[in-house]
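Just below is one structure, and these are the notes that go with it.
Residue numbers begin at 1 in each chain, while the letters A, B, ... track the order of the sequences.
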Amino acid sequence: MCLAVPAKLIEQDGQQGIVDLHGNRLRVNTMMTPEAQTGDWILIHAGFAIERLDPEAARETWALIKDAEQAAEDQAGQSGSVARTNRNNGGIV
Amino acid sequence: MISTDQSAEKLLERLRVAAQAVKEDIAFMEVCGTHTTSAFRCGLPTVMPPNVRLISGPGCPVCVTSQGDIDRLIDLGSRQDVILCTYGDMLRVPGRRGNLETARTRGRRIEVVYSSMDALKRAIDEPDQQVVFAAVGFETTAPATAAAVCEAQRQNVRNFSVLASHKRIIPAMRALLTDEEIPSIHGFLCPGHVSVIIGSEIYRPIVDEFNVSCVIGGFEPTQLISSLLCLTELVLNRQTALVNQYREAVRPEGNPRALALLAEVFEPGDARWRGMGIIPESGLVLRDKYRHFDAVQRFELSEPDEHEPPGCICGKVISGAALPVQCKLFGRACTPVSPIGPCMVSSEGTCSAWFKYGRSGHLNLSCTHANEPQEVLP
């Protein structure tokens with residue numbers, strides 16, 4: 001029930017929007033994401049946009065995973081202890 | 001863009017090495033039905049390091065709803081003078097007197113809605129009918145209910161009400177950490193979409209008070225393994241931390257608009273959870289100024305009797321105290337076709353995930369939400 005899916009906002013009229021979801025057009029209520037603009041990716045849950053997805057943060061998340069992947073590759077050539085190698089503190093907040 | 005399949009394999013290898021270095025049995029709990037389903041869909045439990053256990057906690061809103069609340073919902077939906085609007089998840093949840101689907105086959109007006117606003121629209125379109133919205137779900141879903149109630153107030157829609165069973169995840173996490181029957185938890189994989197609403201900082205008191213890490217993670221296999229790797233490395237390094245690995249969607253403060261809606265319409269109240277009893281302030285009740293939209297008050301509903309379906313251990317399953325296969329009904333009397341307990345009904349339920357995806361012994365990294373695998377018998 002807490003499933004939310006990302007979709008692209010393609011039309012907006014006040015608090016009503018239309019998103020493109022895998023080629024389907026769905027209407028959504030955007031009252032919780034007033035900052036979202038046409039062209040933005042937003043998370044959709046139960047007919048509401050619940051968050052505008054931050055593309056920069058998404059890139060950072062994938063960079064973290066890429067870091068961990070690199071660490072795994074480094075580790076493959078070694079045996080022994082595991083070190084925390086993430087460049088930006090592993091996302092600790 | 002990186003290759004998800006390759007990344008997952010490499011992260012998994014790193015997780016195995018980290019787990020081996022930990023040298024003790026550790027358990028992490030996810031408290032999100034979508035995490036449960038995603039993990040099982042890609043076979044993650046089957047390839048976990050032998051000393052790392054991923055426990056499914058009370059993250060499925062249908063599953064945690066008490067049997068009494070479900071009975072009350074079905075009774076309300078069985079009335080001739082009510083149109084009951086519900087999300088599809090609740091349709092087949094069995095109560096003492098059948099389920100909403102059977103009520104519908106008897107001619108009752110049970111309507112599946114995509115949004116709370118559709119329920120409100122039904123009330124506006126049919127002013128002579130009483131329309132009740134079955135408001136179930138965690139903080140992800142509750143703001144949508146709040147939005148409908150606010151709009152009903154604004155338009156003075158007198159034939160609309162909600163039967164609210166919304167739940168708050170933080171009090172449940174606290175209850176789990178103080179319950180001696182629950183296995184020791186070394187870290188939480190926190191629910192991504194609940195966290196979109198409530199933010200990441202709200203978990204910090206749990207980290208500080210209970211000395212347990214909280215990692216907020218995404219739902220793809222790579223993201224799931226990355227979160228588990230993070231939790232394992234924190235154990236290895238004897239650290240506890242609050243980590244947000246879903247930063248594209250989760251802000252420290254959450255979604256302020258959604259939180260404002262919640263605060264406007266609801267206030268925390270005690271709520272009964274299946275198998276966990278009454279947890280203080282773990283529910284959301286309508287504030288006085290919106291109390292006239294409460295279906296319990298409008299229809300003078302009495303406090304429901306609490307009971308469990310005979311033989312069903314869903315209550316233990318959702319709190320991580322038992323595995324689905326430890327239930328004598330699992331896969332025999334209780335299947336997705338003829339479910340007895342809610343964990344088998346809901347697509348996000350732990351029993352359903354166990355039944356559908358089994359334990360095939362390999363990690364299926366090609367899976368996506370749009371690519372449902374065939375059902376596998378247990």
Sort [X] into side chain, backbone, both or neither according to what part of it lies under 4.5 angstrom from a heavy atom of chain B.
| X | answer |
| --- | --- |
| Glu35(A) | side chain |
| Leu43(A) | side chain |
| Leu26(A) | side chain |

Taking only residues two or more places apart in sequence or in another chain, which ones pass salt bridge (charged side-chain N to carboxylate O under 4.0 Å, His left out) with Arg274(B)?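 Only Glu308(B) meet the salt bridge (charged side-chain N to carboxylate O under 4.0 Å, His left out) criterion with Arg274(B).
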Tell me, for Leu261(B) versus chain A, whether the close heavy atoms (under 4.5 Å) come from the side chain, the backbone, both or neither.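 Contact with chain A: side chain only.
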Does any backbone or side-chain atom of Pro191(B) lie under 4.5 Å from a heavy atom of chain A? Answer side chain, backbone, both or neither.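 Neither the backbone nor the side chain of Pro191(B) comes within 4.5 Å of chain A.
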Please tabulate, one pair per line, all N/O donor-acceptor pairs under 3.5 Å involving side-chain atoms of residues 3-12 of chain A, not counting sequence neighbours.
from	atom 1	to	atom 2	distance (Å)
Glu11(A)	OE2	Arg25(A)	NH2	2.7
Gln12(A)	NE2	Ala36(A)	O	3.3

What I'd like to find out is whether the side chain of Arg257(B) reaches to under 4.5 Å of the side chain of Thr33(A), using heavy atoms alone.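 They are not in side-chain contact.
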Looking at every non-hydrogen atom in both residues, tell me the closest pair between Glu51(A) and Asn255(B) and how far apart they are.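 Heavy-atom minimum between the residues: OE2-CB, 4.2 Å.
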Looking only at heavy atoms, what is the nearest atom pair of Met117(B) and Phe48(A), with distance?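 So the two residues come closest at CG-CZ, 3.8 Å.
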Audit row: Arg247(B), Asp54(A), side-chain contact (heavy atoms from CB on, under 4.5 Å) steps and yes/no: CA-CA 8 Å; Arg247(B) 282 185 291 177; Asp54(A) 180 349; over 6 Å; no
Heavy-atom count check: over 12 atoms from other residues, nucleotides or ligands less than 6.0 Å from Asn24(A) CG?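 Enclosed.
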